[in-house]
Peer 1: 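Quick one: the structure is below, and I'll ask about it shortly.
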Amino acid sequence: MFACVILLINIFLAVSGLFIYRGRIPNGDSVPNPCGTGGTWNGVGHYNQNGGGTLNPFGLEFSLNYRMWTIALCKADSDGDGKTNGEELGDPFCD
Ligand SMILES: [Ca+2]
């Protein structure tokens, strides 16, 4: 029983954290699926589309940046694809 309560608390924290962090980046609730298969990527910052688990390069930088959207993070190209994070998230001028 105790293990179930702990599991539910961890799930709640993971899900609530997901929504809190999505609100800290531009268009965080409507990031397109980068795989081109349609839909949105709810797990922004994670390899898992629905969040949780291993952080992707953007998630690592976001975490190291105290989970805040800054001009430096906006101008960075976390995944090395040639586009800044701002360009990818709809904030190309980092304003
Ligand atoms: Ca990029």
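One-based numbering, in listed order, for ligands and for the atoms of each.
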Peer 1: Whether the Asn33 and Thr40 side chains hold a donor-acceptor pair (N or O, under 3.5 Å, no angle test) is what I'd like checked.
Peer 2: no
Peer 1: Has Gly82 got an N, O or S atom lying less than 3.0 Å from the Ca ion (ligand 1)?
Peer 2: no
Peer 1: Going by atom types alone, do Asp91 and Trp69 pair a side-chain donor with an acceptor below 3.5 Å?
Peer 2: yes
Peer 1: Identify, by name, the N, O or S atom of Asp79 lying closest to the Ca ion (ligand 1).
Peer 2: OD1
Peer 1: Within rounding of 10°, what is the angle whose vertex is the Ca ion (ligand 1) and whose arms end at OE2 of Glu88 and OD1 of Asp81?
Peer 2: 90°
Peer 1: Taking backbone and side chain together, does Asp77 place any N/O/S atom at a distance below 3.0 Å from the Ca ion (ligand 1)?
Peer 2: yes
Peer 1: Side-chain polar contacts of residues 23-32 - donor-acceptor pairs under 3.5 angstrom, sequence neighbours left out - could you list them?
Peer 2:
residue, atom, partner, partner atom, Å
Arg24, NH1, Arg67, O, 3.1
Asn27, ND2, Leu89, O, 2.7
Ser30, OG, Asn27, O, 3.4

Peer 1: CD/Glu88 to SG/Cys74 distance, rounded to the nearest 0.5 angstrom?
Peer 2: 11.0 Å
